[in-house]
Amino acid sequence: MRVLVATDSWRGPHAGAGLDSKTVGTALARAWAELGDEVAVIPMGAAGQGFGRCLEQLTGVRPLCPELPPAGSDRWSASSRPLADYLREAAPAGTQGRVLEIAATPWRDGGRGACPAIEGPVTLVTTRQESERPLTGLRGLVSVEGRAEGMDPARMLSLDQQLCDWAQQLTGRPDAGTAPGTGAAGGLGLLVSALGGQVATGPEFLMDAAGAETTAAAADLIVTGCQELNMMTLEGEVVSAVTELAGRVGVPVIAVTATSSVSARELRESGLEAAMPLGASDAGPVARTWHW
Amino acid sequence: MTDTLNEAPAVEGIVLTDAAAAKVRTLLDQEGRDDLALRLAVQPGGCSGLRYQLFFDERHLEGDVVRSWNGVDVVTDRMSAPYLTGATIDFMDTIEKQGFTIDNPNATSTCACGDSFH
């Protein structure tokens, strides 16, 4: 049989760096390989949680990954100019065709400050939440974060309008910032889309780069997992992306983990056939159970 | 003999029924205020994703959309307006229901509390 392994890294609450996705995946794949099965391993990681390393393992190229401070109370006046400085140094040959990994930013300027240093289509890889976020409008970044801060409505509308004006400058349409993903990375998503690039999540990009859809369709079993499976990690980016992939191609998917506290009913609802917590043992018994 | 088709006027913005306008007039007169408008806003949240806010407001915000009904100004902000085109504010005073109601053709589903829609 053919088994595709695409697991998250194992990073628990214990001290230490944990095990990266490729290490865990390879160890799991070995259990099936020892039974004579064909195995494929795709390293998987979310933006800010191992994506860069996975991309390098898969393609030999690291993404551009600026180190950025978290957003503070000055987020509405902060500029994305530090990104321009970073890009000039890290990508002297230009940014065309590059992958930019950014999970969170201290700015909300729609990429205005970074604009001079970004040319041509780039791919912005970010978290799932960011990749769905619009920039302007009721559900946009300004509205949601502004309301959470208890911002004065007049100021909120004004900040939103400024970004609508920026959207108009970039695309000719003031409502361009209402599209999902334009709010990613403090509005950098808007600039990236306006330049013909795309906004994606780590798992999406890695699966695409690895041709996962084709491999998964040819598989008999898909294996994913994380260190600890619980009601929160069940919705983790990697586990849910792989489970959705399995659903699309109609192949059973199981999660192999160190521990699991999810009920069978919740597992089935999420699309997983089963969770197989290893505890102290290796994956041999799991592979023998899920082998045909 | 020719048929005459009466086209209903295209409704943009928010509609306030006569009953609702009369009720608002009464409430404003009780307060002794003639500088207040009835503001209908949408905010993210609630069990279905969006919720209404209906209140009297003296402010004028940048980009506000205002319509007058029987001397009562109904106002909504620029962000909420796209979600409220054609919404109707009515006032019911029956044994089953007392209070202002909002009928919004944009809402694809509402929740049981009636407060939230999406």
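- Other residues, nucleotides and ligands contribute at most 12 non-hydrogen atoms within 6.0 Å of the CD atom of Gln129(A).
- Not a single donor-acceptor pair under 3.5 Å links the side chain of Arg139(A) to the backbone N or O of Pro44(B).
- Residues Gln43(B) and Ser143(A) are not in side-chain contact: their nearest non-hydrogen atoms beyond the backbone lie 4.5 Å or more apart.
- For the atom pair CG (Asp77(B)) and CG (Asp160(A)), the distance works out to 10.0 Å, reported to the nearest 0.5 Å.
- Contact between Leu50(B) and Leu138(A) at its shortest, heavy atoms only, is CD2-CD2, 3.5 Å.
- Atom CZ of Arg147(A) sits in a crowded spot, with more than 12 heavy atoms from other residues, nucleotides or ligands closer than 6.0 Å.
- Of the atoms belonging to Ser158(A), heavy atoms from both backbone and side chain fall under 4.5 Å from chain B.
- Atoms CE and CZ, from Met156(A) and Arg78(B) in turn, are 9.5 Å apart once rounded to the nearest 0.5 Å.
- In this structure, CE in Met79(B) is found 7.5 Å from SG in Cys164(A), a value given to the nearest 0.5 Å.
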